[in-house]
Amino acid sequence: MKFTSFFTLVGAAISTSAAFVHPGLLHTAADLTRVADHVNAGDEPWLTGWNKLINSTYAQSSYTPHPVQLLCRGSPASCSENYANIYRDAAAAYALAIRWKVTGDAAFGTAAANILNGWSSTLTEISGNSDKYLASGLYGYQLGNAAEILRNFSGFTDANMQAMIELLVNVFYPMNHRFFVDHNDAAVDHYWANWDLCNLATMMSTGVLSDNQTMFNEALDYFYNGAGNGAINKTIWILYDDGTGQVQESGRDQGHTMLDIALLGVIAQTAYNQGTNLFAYEDYRILRGAEYAAKYNLGNDVQFTTYTNSDVTQTVISNNSRGNIRPIWDLIYNHYVKIEKQTATYSQQYADLVRNDGGGADGGGGYYGTTSGGFDQLGYTTLMFTL
Ligand SMILES: *[C@@H]1O[C@H](CO)[C@@H](O)[C@H](O)[C@H]1NC(C)=O
Ligand SMILES: *[C@@H]1O[C@H](CO)[C@@H](O)[C@H](O)[C@H]1NC(C)=O
Ligand SMILES: *[C@@H]1O[C@H](CO)[C@@H](O)[C@H](O)[C@H]1NC(C)=O
Ligand SMILES: *[C@@H]1O[C@H](CO)[C@@H](O)[C@H](O)[C@H]1NC(C)=O
Ligand SMILES: *[C@@H]1O[C@H](CO)[C@@H](O)[C@H](O)[C@H]1NC(C)=O
């Protein structure tokens, strides 16, 4: 008996402490080395992706952050909207962190650190109307990814990292959690999938950054079994014989359908880097959704099953924003084709399309317009995910 409990304790300690890989959100150390090596060797398509990044106004060491104490998204609300501040700054922090990592030039690391330190020392509350839950979802994982790349920069101290973790744990995570529990007091199927998915991405990222297995598992459990539309069987809710799967927002518009794929990519990549393969989960279910979205947006017909929830009945797929361009596809394409060895006919074509749209590589925040949609995802997937 004595020995049994001794070994049980040892087992528990190992499984909870040594669990997380760092850096290990969107990019591992090996990924970051691969990117730097290809850029420094002048290899394509990395070089084109890199030139897009260094040409961006969001990747300059002179970038000035604009942190706020009360972050406001949604109107009308008691506060006045200022969320462009955080999506611009998060895009800049990520681009500058990559620029530091590839060049080793501390000026870029310092600029990225200043952005993160500005937010971690200033932001205390996220408010607005219901859209505040988009802010708690979309921007937490983005700041977190910049911090994770900077983890190993001498100008971003342990105390700086701890402050960023505390911002995510104390301001973002409670909203992620609350949204999963009560969905802002709406019917559980009211909010479109991207609302759950962005909060899931931030919760999962915060779990990794803070080495909290409980939090990471809460996000994973929601992906598998959640009650709302961000659970995988509800986001990609019906499968077809051609290998595609209808996406929950397909009858709404294609921009949000593409956002669902973007966020599933973030969630699956983050989990993959921590040893859990959601890309392959349920017979490559995420790929089926990506293939469906890409197939339709390329101009092909797709099967459509009437979608019904508490609010809407949609009998046809929406052609609103068909052909929507988001910098997300080289994550999907490279993983499924080169790692999982799957056929990804339409995702591959869409990756080609978005790469060609950018002259050989996709861009990042700021390259796809000034409004929030161009900043919903971090982008630069050709540079960061080409294998
Ligand atoms: C660099 O950015 C400017 C706008 O800031 C744009 O006009 C130009 O095409 C970009 N060059 C490349 C190589 O992306
Ligand atoms: C930190 O980054 C440098 C290069 O930027 C690398 O040589 C070093 O191995 C990294 N250390 C860790 C612990 O990742
Ligand atoms: C980990 O996160 C959970 C919420 O998921 C929280 O209750 C717990 O206190 C956290 N653990 C630590 C050590 O911070
Ligand atoms: C999700 O759907 C698959 C079939 O497509 C099924 O095998 C699985 O049990 C479902 N999972 C949940 C949690 O409902
Ligand atoms: C878009 O969809 C609407 C409604 O289904 C349809 O009436 C319209 O013809 C479609 N437009 C195009 C360009 O396909």
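All values below were derived from every heavy atom in this structure, side-chain atoms included, with hydrogens, water molecules and symmetry-related copies excluded. Whatever order the structure lists them in is the order used to number ligands and atoms, beginning at 1.
- Checking only distances, T214 never comes within under 3.5 Å of ligand 3, N or O to N or O.
- Every atom of ligand 5 is numbered from 1 in the order shown, and the set under 4.0 Å from a heavy atom of N319 is 1 (C), 2 (O), 3 (C), 8 (C), 10 (C), 11 (N), 12 (C), 14 (O).
- When non-hydrogen atoms are compared, ligand 3 lies under 4.0 Å from the backbone of M215 as well as from its side chain.
- Contacts between N225 and ligand 4 below 4.0 angstrom, taking non-hydrogen atoms only, involve the side chain exclusively.
- Taking a cut-off of under 4.0 Å to the non-hydrogen atoms of E218, the atoms of ligand 3 that pass are 5 (O).
- Looking at heavy atoms from C-beta onward, H22 lies in side-chain contact with E148 at the 4.5 angstrom threshold.
- Within the 6.0 Å centre-distance limit, the rings of Y281 and Y224 are counted as a close aromatic pair.
- Ring centers of Y296 and F304: at least 6.0 Å apart, outside the cut-off.
- The residue among R288, K234, R285, E282 with a heavy atom at the shortest distance from atom 6 (C) of ligand 4 is E282.
- Taking the six-membered ring for Trp and thresholds of 30 and 60 degrees, F180 and Y222 have nearly parallel ring planes, at less than 30 degrees apart.
- At least one donor-acceptor pair under 3.5 Å links the side chain of Q142 to the backbone N or O of F375.
- When atom types are taken as modelled, the side chain of D330 and the backbone of T386 share no donor-acceptor pair closer than 3.5 angstrom.
- For the side-chain contact (heavy atoms from CB on, under 4.5 Å) with N160, the lone residue among N117, L150, N114, L116 that qualifies is N117.
- Annotation: atom 11 (N) of ligand 4 to nearest protein heavy atom, N233 ND2, 2.9 Å.
- Of the protein's heavy atoms, none falls inside 4.0 Å of atom 4 (C) of ligand 5.
- Partner of K295 under the side-chain hydrogen bond (donor to acceptor under 3.5 Å, both in side chains) criterion, out of T244, D242, T345: D242 alone.
- With respect to atom 1 (C) of ligand 3, the closest heavy atom belonging to the protein is N212 ND2, 1.4 Å.
- Within a 4.0 Å radius of atom 9 (O) of ligand 5, the protein contributes no heavy atom.
- Atom 13 (C) of ligand 4 has its nearest heavy-atom neighbour, among W237, Y224, F223, in Y224.
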